[in-house]
Each structure stands twice: as structure tokens, then as C-alpha cells.
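What follows is a single structure, written as C-alpha cells, with notes after it.
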Amino acid sequence: NMYELTRNTLGAHLHSAARMHMAISLLNKAIDDNKKITVSDSFEISRHFQMPENAAMKRSLCGLDTNAGATLEIDREYPDVLSTLYVTIGPPRNTLYMPLPICAEKLHPAMSNYRWSEAAWKHFDAVSFKAPIAKEWSEFEAAATAKVAKAKVEARKLLKSGKRAEAVKLINSTAEALWDEAAAL
């Protein structure tokens, strides 16, 4: 276990423990409020930067040096087609979470040529770290997760009828359309 073999200082260990406490508290709150943890909850939690007032360590999950975020939604029945990685390209408070299907056949060029990352860091430099998440980003992410979920319902039907290639094509085309839409943001 890497954690047991760490050579962190006591201060660094306590720092990590404070962050872990915050993550567990926020996950438990999501369960208490909704009886489950949603993809959107994961986005929100990863962007969380506040600590309780009585916390000795004032470092939360997302900090000035946080440079990416990801959450994986695994499908139990068809994990090789319907599982989706949601990833930020850049600091989570300064960019969008994008769906990346596990069966992705290609990426949007802006994702792999640093344009997306550069835009996120430019935004990071232009606004306060504690600035609210842009409303259009939150709206896009909610709409994108809904579109991915809808595509998965249709793809599941295709998979159940033995049409794997069609299901993969549907999932990929849905993601590609969302990537184009997000690149404009």
C-alpha cells in the first residue's frame, strides 16, 4: 500500500487527512440528500474549495494547484461500451467536465492539442479562484449528462439485440457532438 509507505511529513499527512475528511463528508451529504451519489455530485465535490470553520487545515479538495479532475461511471451490464469517464482538461473550477466514453474511437482535436487546457488556465488566470462556476458551464454539464444517459438507454437496447457496432457508434457520435458544443464554450 503506497499510503503506508509514504515519506510524507506529519503536516502533509494531516493535510491529506483533512482533504479526505472533506471528501467523505461531502459524499455522505450527497447520500443523505439524494440516497445516491450522482455524476453531478462528483463534479460539485471535486470543485469544492471550502473547509469547515473549525478545521485546523484550510486545504479542501480543489486548490490553487489542482490541475484536473475525473470520475468514472461504470455500467454493470456493458462496462466495455456504456461506461463513461467524465474528465476535466485543466483545473476543475475553471473548465468543463466532459464525457469520454470507454469505447471512444477518437478525441476532439481541442482536447489533445492543448487548446482546451490553455483556455482553462487562461480562465484560471482571469478570474478569482473562488469565483462561482460559470452558469453556462453548469447548464452544459447537466444537459450533457442527460444526453449521455439518453444515448446509453438507446445503446443498451442495441446491445441487447446484438448490435454492438451500432451502440458504439451511437455513444461515440453523442460524445463527439457534445465535445463540439463544449469547445465553443
Side-chain angles (χ1 to χ4, degrees), residues 8 11-12 15-27 29-30 37-53 55 57-74 83-152 170-185:
N8 277 347
H15 186 78
S16 293
R19 293 180 76 207
M20 184 184 307
H21 167 77
M22 203 67 232
I24 291 168
S25 297
L26 292 168
L27 291 167
K29 182 179 180 336
I37 299 167
T38 66
V39 170
S40 296
D41 290 330
S42 294
F43 299 169
E44 186 177 330
I45 290 168
S46 77
R47 290 172 169 153
H48 191 82
F49 63 91
Q50 298 164 325
M51 289 293 287
E53 285 299 315
M57 306 295 284
K58 294 297 183 190
R59 171 71 161 86
S60 191
L61 299 176
C62 191
L64 291 171
D65 57 352
T66 305
N67 62 13
T71 189
L72 179 61
E73 181 182 44
I74 301 171
S83 296
T84 305
L85 176 67
Y86 289 88
V87 63
T88 63
I89 303 168
R93 293 191 58 79
N94 299 94
T95 192
L96 295 164
Y97 267 94
M98 294 305 304
L100 182 60
I102 207 76
C103 65
E105 296 172 329
K106 64 180 179 176
L107 289 177
H108 192 283
M111 291 177 161
S112 57
N113 69 7
Y114 301 109
R115 192 177 108 215
W116 206 299
S117 179
E118 287 171 346
W121 286 107
K122 183 177 179 182
H123 184 268
F124 178 89
D125 290 338
V127 301
S128 162
F129 169 72
K130 296 179 181 181
I133 305 303
K135 181 180 176 187
E136 59 268 23
W137 292 359
S138 298
E139 290 171 352
F140 171 82
E141 289 172 345
T145 54
K147 288 175 185 177
V148 168
K150 183 178 177 185
K152 285 182 181 182
L170 173 62
I171 294 296
N172 275 281
S173 65
T174 300
E176 289 170 18
L178 290 169
W179 298 342
D180 284 341
E181 191 178 329
L185 287 176

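Residue numbers count from 1 along this sequence. Note that these values count all heavy atoms, side chains included, but never hydrogens, waters or copies made by symmetry. Quick caveat: nothing in here was measured; it's all calculated off a predicted structure.
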In Å, rounded to the nearest 0.5 Å, how long is the span from [atom1] of [X] to [atom2] of [Y]?
| X | Y | atom1 | atom2 | answer |
| --- | --- | --- | --- | --- |
| I24 | I45 | CD1 | CD1 | 11.0 Å |
| T84 | I74 | OG1 | CD1 | 10.5 Å |
| T66 | F124 | OG1 | CZ | 8.5 Å |

By the side-chain hydrogen bond (donor to acceptor under 3.5 Å, both in side chains) test, which pairs, at least two apart or in different chains, include something from residues 130-143?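 Non-adjacent pairs meeting side-chain hydrogen bond (donor to acceptor under 3.5 Å, both in side chains): R47-E141.
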Using atom types as modelled and distance alone, determine if a side-chain donor or acceptor of [X] lies under 3.5 Å from a backbone N or O of [Y].
| X | Y | answer |
| --- | --- | --- |
| R93 | L64 | no |
| T95 | P92 | no |
| T88 | G69 | yes |
| W121 | P91 | no |

Just so I know, are the side chains of [X] and [Y] near enough to count as touching, which here means a heavy-atom distance under 4.5 Å?
| X | Y | value |
| --- | --- | --- |
| E181 | L178 | yes |
| L107 | L100 | yes |
| M98 | F140 | yes |
| L26 | L61 | yes |
| T145 | P99 | no |

Please name all residues satisfying side chain to side chain contact (heavy atoms under 4.5 Å, CB included) with A70, sequence neighbours left out, ordered by chain then number.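 Partners of A70 under the side chain to side chain contact (heavy atoms under 4.5 Å, CB included) test: L85, V87.
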Partners of A149 by side chain to side chain contact (heavy atoms under 4.5 Å, CB included), sequence neighbours excluded?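 Partners of A149 by the side chain to side chain contact (heavy atoms under 4.5 Å, CB included) criterion come out as none, since no residue qualifies.
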Nearest heavy atoms of [X] and [Y], plus distance in Å:
| X | Y | value |
| --- | --- | --- |
| N172 | A104 | OD1-CA, 3.1 Å |
| L170 | A151 | CD2-O, 3.5 Å |
| I89 | A120 | O-CB, 3.6 Å |
| C103 | I171 | SG-CG2, 3.8 Å |
| A182 | W116 | CB-CH2, 3.6 Å |

Which pairs count as ring-ring contact (aromatic ring centres under 6.0 Å, His included) when at least one residue sits in residues 84-111, sequence neighbours excluded? F43-Y86, F43-Y97
Would you say that more than 12 heavy atoms from the other residues, nucleotides or ligands in this model lie under 6.0 Å from the CD of E44, or not?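 Check fails, neighbour count at 12 or below.
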Take atom OH of Y114 as the centre, draw a 6.0 Å sphere, and report whether it contains more than 12 heavy atoms from other residues, nucleotides or ligands. no
Residue pairs fulfilling salt bridge (Lys or Arg N to Asp or Glu O under 4.0 Å) with at least one residue in residues 60-74, sequence neighbours excluded: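 Applying salt bridge (Lys or Arg N to Asp or Glu O under 4.0 Å) to every pair that reaches into residues 60-74, excluding sequence neighbours, yields R59-D65, E73-K152.
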Go through the structure and list residues passing side chain to side chain donor-acceptor pair (under 3.5 Å) with T38, not counting sequence neighbours. D41
